[in-house]
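What follows is a set of notes on a single structure, which appears directly below.
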Amino acid sequence: MWPILVTVLLIALSVVLVKFASAIHRWSKHVQYLRTHIPIAPGRDWLRGHFPPDDSASRGILERRTSLLPRLALVWFGPVTPQVSLVHPDTLADVMRTSPDRNKFVYNFLVPWLGNGLLMSEGKRWSRDRRLLSHIFTPGMLREYVPVYKEACTTMLNLWSSQADQEKSIDVGKCMPLLTFDVILKCAMGVDTKCQTDTDLNSRNMRYLAAVEDVVKMTMQRYTQPWTWWDSVYYRTAGGKKFAQLVAEVHQYSEDLIAKRRREIEEQEAQRIDGATSEHIILCKDMLDTMLMVRDEDGVGMTDVEIREQVDTFLLAGRDTGSSALQWALFYLTRHPDIQYKCRSEVQQVMEVCGGVDGLKHEHISQLQYLTQFVQEVLRSGSLVSHMTRTLVKDASVDGVRLPAGSNVQMNILGIHHNDQVWD
């Protein structure tokens, strides 16, 4: 019996070793091919690869790399994973024609928090979610949120005015994330956290916001720390255990709000059926209401978990991008007083027409043409999302070089937006 068992184990081990050796051989050939045909970017660290030691250095490094290699370059994600970085619209177009897939390794770090939200889902799930969520991002729905924007901005400006009267400095880096949190949570979940004015850091709302901040920060840290890439290792560390705890807190907060709102809507519907109200439609107050009430072609709605995943996705997508855009806008306005004067003059003209902030409506935004151009330039120069990673599902030809299927490509948005061959 034992000789047979040992023989079976040896055969199984041999098969595993052969498959492993074959995979290593294919990877080695793939890496050698890329190294031979694509120029390697300078500044590679043996452990981090081409990741900068800290975020403050990343922008300058990317801009210098783009000036040296303005079309494409081979960069390393950690010690062993090569990526083809595309820094020109033409090379990016060559790759996008092949409809590449998202790089699952890169996006997997977001799964514990976002689950299968719109950013992470694929196939039929993505198509269904996209159809259902299209009811949220209509011009009519977005127009309804203008009062929320005005209220949140007025709160922030009142705080700034008070600090200025006391001759205190204003930390824009702290104010803008709170402003975007305030707006997103009101629009997405109808929750007034009072995060801009609440000084009780132990309140549940403020603990939730702090937990979201930490989840985002810890997720980003994993990208630059190769030893945390394996879940089996990461979740046994103190950092991994803390991360899991924070994600659980964030999920519980959202799930409690969703469950409460679902009960309220069911009670309203019961009252309508009983004739207690003549309303035939329960008006949606925010995105959460819409997601709770929307139905697909089979009459099936979204589950509480599906809604939570979408809410968390909105929070990630809107929080950092909105906050960063506002900070970059203020930065460029202070650097260019002439542009600041033109933007201010245009806003004042529109304010005179609409009768001040109280009369400002969605349709007045189209009259701010110069300000709109300024914001678009801020988004180009600031490049709120520096890059995205995709995996080729079939061969692609880029600048005459064949990139084989399975290659990881980095769509370097920051590099493209600061490429001297593209922009004056």
Stepwise side chain to side chain contact (heavy atoms under 4.5 Å, CB included) check, Gln83 with Thr389:
CA-CA 8 Å; Gln83 295 181 347; Thr389 305; 3.6 Å; yes

Audit row: Asp304, Arg308, salt bridge (charged side-chain N to carboxylate O under 4.0 Å, His left out) steps and yes/no
CA-CA 6 Å; Asp304 286 2; Arg308 186 206 73 205; over 6 Å; no

Given the rule in the side-chain hydrogen bond (donor to acceptor under 3.5 Å, both in side chains) test, do Ser323 and Gln327 qualify, once you have shown the distances and angles that lead to the verdict?
CA-CA 6 Å; Ser323 172; Gln327 292 179 64; 2.9 Å; yes

Working note: Val31 + Trp76, criterion side chain to side chain contact (heavy atoms under 4.5 Å, CB included); need CA distance, chi angles, decisive distance, verdict.
CA-CA 11 Å; Val31 171; Trp76 293 81; 3.5 Å; yes

Does Trp113 form a ring-ring contact (aromatic ring centres under 6.0 Å, His included) with Phe243? I'd like the steps, not just the answer.
CA-CA 10 Å; Trp113 179 25; Phe243 177 79; 8.7 Å; no

Is there a salt bridge (charged side-chain N to carboxylate O under 4.0 Å, His left out) between Arg71 and Asp90 once you walk through the steps?
CA-CA 8 Å; Arg71 302 285 291 183; Asp90 294 343; 3.7 Å; yes

Might you work through the side chain to side chain contact (heavy atoms under 4.5 Å, CB included) test for Leu133 and Val294, ending with a clear yes or no?
CA-CA 8 Å; Leu133 295 174; Val294 74; over 6 Å; no

Applying side-chain hydrogen bond (donor to acceptor under 3.5 Å, both in side chains), run through Ser22 and Arg26 and close with a yes or a no.
CA-CA 6 Å; Ser22 177; Arg26 288 195 304 270; 2.8 Å; yes

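For Ser203 and Asp198, the side-chain atoms include at least one donor-acceptor pair closer than 3.5 Å. Side-chain contact, Asn408 with Thr391: a donor N or O sits under 3.5 Å from an acceptor N or O. Judged purely by distance below 3.5 Å, without hydrogens or angles, the side chains of Glu309 and Thr313 never pair a donor atom with an acceptor atom. Neither side chain, Arg236 nor Ser232, offers a donor N or O lying under 3.5 Å from an acceptor on the other.
Applying the salt bridge (charged side-chain N to carboxylate O under 4.0 Å, His left out) test to pairs two or more places apart or on separate chains, those with a residue in residues 374-395 are Glu377-Arg380, Asp395-Arg402.
The shortest side-chain heavy-atom distance between Ile38 and Tyr33 does not fall under the 4.5 Å cut-off. The side-chain heavy atoms of Lys19 and Val16, taken from C-beta on, include no pair separated by under 4.5 Å. Using a 4.5 Å heavy-atom threshold, the side chains of Val75 and Pro82 count as separate. Counting heavy atoms from C-beta outward, Thr193 and Met206 have side chains that stay 4.5 Å or more apart. At a threshold of 4.5 Å between non-hydrogen side-chain atoms, the residues Asp182 and Tyr149 do not count as touching. Looking only at side-chain heavy atoms (C-beta outward), Phe181 and Val212 come within less than 4.5 Å of each other. Residues Leu72 and Ser85 have side chains not in contact (no heavy-atom distance under 4.5 Å, counting atoms from C-beta outward). The side-chain heavy atoms of Ser386 and Ile413, taken from C-beta on, include no pair separated by under 4.5 Å.
Here the side chain of Glu346 pairs a donor or acceptor atom with the backbone of Tyr370 at under 3.5 angstrom. The main-chain N or O of Leu368 is found under 3.5 Å from a side-chain atom of Thr372 such that the two form a donor-acceptor pair. Judged by distance alone, with hydrogens and angles left aside, the side-chain atoms of Ser162 form no donor-acceptor pair with the main-chain N or O of Asn158 at under 3.5 Å. A donor-acceptor pair under 3.5 Å links the side-chain atoms of Asp171 to the main chain of Gly173, judged by distance alone. In terms of modelled atom types and a separation under 3.5 Å, the side chain of Asn116 and the main chain of Ser121 share no donor-acceptor contact. Under the 3.5 Å distance criterion, the side-chain polar atoms of Ser127 are matched with a main-chain donor or acceptor of Gly123. Arg261 places a side-chain N or O within donor-acceptor distance of the main-chain N or O of Met189, the cut-off being under 3.5 Å. Side-chain N or O atoms of Thr154 include one that pairs as donor or acceptor with a backbone N or O of Lys150 at under 3.5 Å. Side-chain atoms of Thr66 come within 3.5 Å of backbone atoms of Leu62 as a donor-acceptor pair (strictly under, hydrogens ignored). The backbone N or O of Val401 sits nowhere less than 3.5 Å from a side-chain atom of Asp399 that would complete a donor-acceptor pair.
A tilted orientation is assigned to the rings of Phe109 and Trp229, their planes being inclined by 30° to 60°. Taking the six-membered ring where the residue is Trp, Trp328 and Tyr332 present parallel rings, their angle staying beneath 30° rather than reaching 60°.
Gln196 contributes atom CD, which lies 9.0 Å from atom CG of Leu157 (distance to the nearest 0.5 angstrom). Once rounded to the nearest 0.5 Å, the distance linking OG of Ser169 with CD of Gln163 reads 7.5 Å. Rounding to the nearest 0.5 Å gives a distance of 9.0 Å between OG1 of Thr155 and NZ of Lys194. For the atom pair CZ (Phe314) and CD1 (Ile184), the distance works out to 10.5 Å, reported to the nearest 0.5 Å. With rounding to the nearest 0.5 angstrom, the CG atom of Leu185 is 6.0 Å from the CG atom of Leu209. In this structure, CD in Gln410 is found 8.0 Å from CG in Leu86, a value given to the nearest 0.5 Å.
Ring pair Trp230/Tyr234: centre-to-centre distance not below 6.0 Å.
Looking at Asp296 and Arg131, no side-chain N of the basic residue comes within less than 4.0 Å of a carboxylate O on the acidic one, giving no salt bridge. Taking the charged nitrogens against the carboxylate oxygens, Asp231 and Arg222 do have a contact shorter than 4.0 Å, which makes a salt bridge. Between Asp256 and Lys260 there is no salt bridge, since none of the side-chain N atoms of the basic residue sits less than 4.0 Å from a carboxylate O of the acidic one. Between Glu306 and Arg128, at least one side-chain N (NZ, or NE/NH1/NH2) sits under 4.0 Å from a carboxylate O, which counts as a salt bridge.
Closest of all the heavy-atom pairs between Val378 and Ala325 is CG1-O, 3.8 Å. Residues Tyr235 and Lys241 approach most closely at O-CG, 3.6 Å, considering heavy atoms. The two atoms that bring Asn412 and His387 nearest to each other are CA-CB, 3.9 Å, heavy atoms only. Of all heavy-atom pairs spanning Ser381 and His418, the tightest one is O-NE2, 2.7 Å. The nearest pair of heavy atoms linking Leu371 to Val347 is CD2-CG2, 4.0 Å. Shown here for Met302 and Arg262, the closest heavy-atom pair between the two residues is O-NH2, 3.1 Å.
Atom CG of Asp358 is surrounded by 12 or fewer heavy atoms from other residues, nucleotides or ligands within 6.0 Å. Few gaps surround CZ on Arg295; more than 12 heavy atoms of other groups in view lie less than 6.0 Å from it.
Relative to the six-membered ring of Tyr253, Arg204 misses at least one condition, a distance below 6.0 Å or an angle of at most 45° to the axis.
Exactly one residue among Thr98, Leu92, Asp94 makes a side-chain contact (heavy atoms from CB on, under 4.5 Å) with Met96. That residue is Leu92.
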